[in-house]
Amino acid sequence: MKQGLSLRVSQHLALTPQLQQSIRLLQLSTLELNQEVEQLLDENPVLERADDSVEREAHGLERADTPVAQDEADYEYSSTPASEGPDETAAVTSLESEGSWEGDGSVDMSPDDSEWGGDAPARNGAREDDEADATELARSQESLQDFLKRQALSLRLSAEDSAALQFLIESLNEDGYLEDPIEELARSLTGEDPEHEEAMIAHFALALRLLQSLEPTGVGARNMAECLRLQLLALQADAMRGAASLPEPAVVAQALRMIEQPPELLARRDLRKLAQLCGGSEALTREALGLVARLEPKPGRRFVNVERNVIVPDVLVLRSGSGAQTRFRVQLNPDIMPRLRVHDIYANALKGHKAGGREGDNYAALQQRLQEARWFIKNIQQRFDTILRVSSAIVERQKNFFMHGELAMRPLVLREIADELGLHESTISRVTTAKYMSTPFGTYELKYFFGSGLGTESGGNASSTAVRALIKQFVNAENAKKPLSDSQLSEMLKEQGIECARRTVAKYREALKIAPANLRKAL
């Protein structure tokens with residue numbers, strides 16, 4: 001075997017710590033980014049939040065990794081598309097040229113040390129002082145437990161019964177059901193004392209009856225059948241008192257018998273089988289089934305904390321003008337942009353400071369923290385700049401949606417936006433995941449604007465999103481007594497020039513949470 005030396009030239013992508021952080025921040029949602037910022041603020045003494053009174057330096061972060069231009073921030077259809085930005089490969093070169101987190105030997109004050117995000121309201125439009133915050137409104141919503149406790153204040157109970165009622169209220173789940181048997185609840189409080197346990201069960205039994213007498217009707221039920229029974233008994237009591245616009249007693253009695261039957265019969269709305277099991281005519285059973293369908297199976301539904309469902313958009317699309325003069329402006333949401341800067345005291349202390357020994361080690365560690373803070377601010381700005389550029393490109397491609405709604409959505413894939421902006425397809429995927437855009441038609445995830453295409457008779461493509469919207473429109477306009485089957489919907493789409501198989505229609509219908517035709521049929 002002959003040994004020798006050879007020279008070979010090759011290229012490879014080096015994921016520096018800065019690039020790794022940039023990629024990681026890009027794929028985080030707004031909530032996760034806030035958690036990341038809070039964590040770094042706790043760990044890095046050099047990084048701090050910018051105070052409202054701090055004046056931003058004139059040069060700001062203009063020299064940071066290719067920030068978006070003003071005309072890109074306020075995008076209009078009449079303007080040219082956003083210029084292509086650097087891909088991850090270009091970012092590696094830029095990041096490596098700046099030095100690593102270990103310190104580049106420079107301690108001079110950098111333009112990057114100024115705050116970032118401080119001028120966001122001025123750049124994107126001032127926010128009205130009296131504008132309501134969705135999260136604050138969500139927090140102010142009364143919970144089911146608070147609503148029940150307020151009603152319990154009007155009851156004259158002993159201290160033991162009142163405590164038992166409060167305990168049961170706290171034991172309810174978010175739907176208003178009491179999942180644990182009262183015997184287990186009593187045993188968890190009394191331990192191995194049988195006499196005490198028996199007394200506690202008696203208090204809980206009384207408290208349960210009181211709980212089930214409170215509003216909303218059906219609260220405190222152990223299962224759905226009991227929940228529906230409580231609501232039907234309340235209707236029956238109101239009917240016996242002669243209350244107006246209530247179902248007839250015979251219908252309520254039939255409904256009470258029906259809810260005792262296997263739940264799959266109610267789900268299938270099997271009138272013939274229910275009529276045989278419960279007695280009575282099919283007409284009476286049909287009325288009773290309609291009554292059951294109007295009941296609330298989850299009494300605590302309207303008290304569920306809506307804060308978890310609040311979506312704060314990352315990007316705002318503002319519409320101005322009308323007709324041919326309609327324009328859309330794309331801007332970042334100033335409420336989600338963290339305002340960070342490097343701590344002036346630490347940065348000035350490091351400026352021109354040289355030390356050796358143990359003090360030198362402290363100096364090197366602090367310098368590393370300073371470099372980390374600078375890179376974190378740069379990467380956050382790059383994250384928002386990329387989100388803005390991708391959003392602007394989406395608005396340009398889907399301008400018909402912003403004019404006419406989801407029926408005008410066109411097919412769009414990640415590759416189209418990636419090629420237009422000069423970014424990698426994986427970057428577009430990260431940007432469009434868990435990022436939201438506020439539009440004139442509602443708030444949507446950026447991924448919503450991407451969809452595959454279905455063939456048309458004219459040889460073009462129709463967006464799957466537009467097809468789903470068309471199916472929803474057909475179902476909303478159908479005859480409730482003769483609902484459209486999946487095959488009929490497929491034929492109607494073909495009449496519109498869209499080739500869509502029955503199984504595809506069924507998949508889209510299920511995605512829209514539309515029941516099958518047999519369950520949509522009016523009784």
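Worth saying up front: this structure is predicted, and the values here are computed from it rather than measured.
Counting heavy-atom neighbours within 6.0 Å of Glu248 CD, excluding the residue itself, gives a total of 12 or less. More than 12 heavy atoms of other shown residues, nucleotides or ligands fall within 6.0 angstrom of atom CD in Glu264. Atom CE of Met224 has 12 or fewer heavy atoms from other residues, nucleotides or ligands within 6.0 Å. Heavy atoms of other residues, nucleotides or ligands lying less than 6.0 angstrom from NZ of Lys447 number more than 12.
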_What verdict does the side-chain contact (heavy atoms from CB on, under 4.5 Å) test give for Phe449 and Thr439, after you've listed the backbone C-alpha separation in whole Å, the side-chain angles of each residue and the deciding distance to 0.1 Å?_
CA-CA 12 Å; Phe449 299 97; Thr439 74; 4.0 Å; yes
*Please assess Arg187 against Glu184 for the test salt bridge (charged side-chain N to carboxylate O under 4.0 Å, His left out), listing each intermediate value before the final yes or no.*
CA-CA 5 Å; Arg187 194 175 302 114; Glu184 291 186 7; 5.4 Å; no
*Steps toward side-chain contact (heavy atoms from CB on, under 4.5 Å) verdict (Val46, Glu372)*: CA-CA 9 Å; Val46 182; Glu372 289 178 4; over 6 Å; no
_Intermediate values then yes/no, side-chain contact (heavy atoms from CB on, under 4.5 Å), Leu210 and Asp161_ = CA-CA 10 Å; Leu210 293 173; Asp161 291 334; 5.6 Å; no
*Start with the C-alpha distance between Glu170 and Lys149, add both sets of side-chain angles, then the distance that settles salt bridge (charged side-chain N to carboxylate O under 4.0 Å, His left out), and finish with yes or no.*
CA-CA 9 Å; Glu170 292 295 338; Lys149 289 177 181 178; 2.2 Å; yes
_Derivation and outcome, side-chain contact (heavy atoms from CB on, under 4.5 Å), residues Phe384 and Leu33_ = CA-CA 11 Å; Phe384 282 100; Leu33 177 64; 3.9 Å; yes
*Tell me, with the steps shown, if Arg24 and Glu36 meet salt bridge (charged side-chain N to carboxylate O under 4.0 Å, His left out).*
CA-CA 10 Å; Arg24 185 167 54 83; Glu36 186 80 12; 2.7 Å; yes
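Across all non-hydrogen atoms, the minimal contact from Phe376 to Leu47 is CD2-CD2, 3.8 Å. Residue Asn379 comes nearest to Ser22 through the heavy atom pair OD1-CB, 3.6 Å, listed as atom of the first residue, atom of the second, then distance. The minimum heavy-atom distance linking Leu168 with Phe204 is given by the pair CD1-O, 3.7 Å. For Gly405 against Phe441, the heavy-atom pair with the smallest separation is N-CZ, 3.5 Å. Of all non-hydrogen atoms in Gly451 and Ser464, the two that sit nearest each other are CA-OG, 3.9 Å. The shortest heavy-atom contact between Ala466 and Leu407 is CB-O, 3.6 Å.
Looking at Arg257, its side chain does come within 3.5 Å of a backbone N or O of Cys278 through a donor-acceptor pair. The backbone N or O of Ala225 sits less than 3.5 Å from a side-chain atom of Asn223, completing a donor-acceptor pair. Side-chain atoms of Gln151 come within 3.5 Å of backbone N or O of Glu215 as a donor-acceptor pair. In terms of modelled atom types and a separation under 3.5 Å, the side chain of Arg383 and the main chain of Leu25 share a donor-acceptor contact. Checked by atom type and distance alone, the side chain of Asn333 never pairs as donor or acceptor with a backbone atom of Val315 at under 3.5 Å. A donor-acceptor pair is defined here as one N or O able to donate and one able to accept, closer than 3.5 Å; no such pair exists between the side chain of Asp270 and the backbone of Leu265. Although no hydrogens or angles enter the test, the distance criterion places no donor-acceptor pair under 3.5 Å between the side chain of Ser162 and the main chain of Ala159. Checked by atom type and distance alone, the side chain of Asp180 never pairs as donor or acceptor with a backbone atom of Leu185 at under 3.5 Å. Formation of a donor-acceptor pair under 3.5 Å by the Ser392 side chain with backbone atoms of Leu388 is found in this model. Counting only distance, with no hydrogens or angles, the side chain of Ser438 and the backbone of Thr443 share no donor-acceptor pair below 3.5 Å.
Counting heavy atoms from C-beta on, the side chains of Arg302 and Pro216 come closer than 4.5 Å. Proximity of Val252 to Leu291: side-chain heavy atoms (C-beta onward) are separated by under 4.5 Å at one or more points. Taking 4.5 Å as the limit, every side-chain heavy atom of Thr386 sits out of range of all side-chain heavy atoms of Arg430. Side-chain contact between Ile498 and Leu470 is present, with at least one heavy-atom pair separated by less than 4.5 Å. Between Ser171 and Leu178, some side-chain heavy-atom pair lies under the 4.5 Å cut-off. Between Met258 and Leu266 there is a side-chain heavy-atom pair separated by less than 4.5 Å. Annotation: side chain of Met200 is not in contact with side chain of Phe167 (no heavy-atom distance under 4.5 Å). Side-chain contact between Ile23 and Ser426 is absent, with no heavy-atom pair separated by less than 4.5 Å.
Distance check: Ile428 CD1 to Arg389 CZ gives 8.0 Å after rounding to the nearest 0.5 Å. The CD1 atom of Ile336 sits 8.0 Å away from atom CG of Asn34, with the distance rounded to the nearest 0.5 Å. Atoms CH2 and CG, from Trp375 and Leu19 in turn, are 10.0 Å apart once rounded to the nearest 0.5 Å. The line from CD1 of Ile387 to CD of Gln382 is 11.0 Å long, rounded to the nearest 0.5 Å. Between Asn476 atom CG and Ile471 atom CD1 the span is 12.0 Å, to the nearest 0.5 Å. The CE atom of Met437 lies 13.5 Å from the CD1 atom of Ile311; values are rounded to the nearest 0.5 Å.
Glu478 has a carboxylate O that lies under 4.0 Å from a charged side-chain N of Arg520, or vice versa, which qualifies the two as a salt bridge.
Under 3.5 Å, the side chains of Thr433 and Gln27 contain no donor-acceptor pair of N or O atoms. Of the N and O atoms on the side chains of Tyr448 and Glu406, at least one donor lies less than 3.5 Å from an acceptor on the other residue. Side-chain N/O atoms of Gln212 and Glu226 include a donor and acceptor closer than 3.5 Å.
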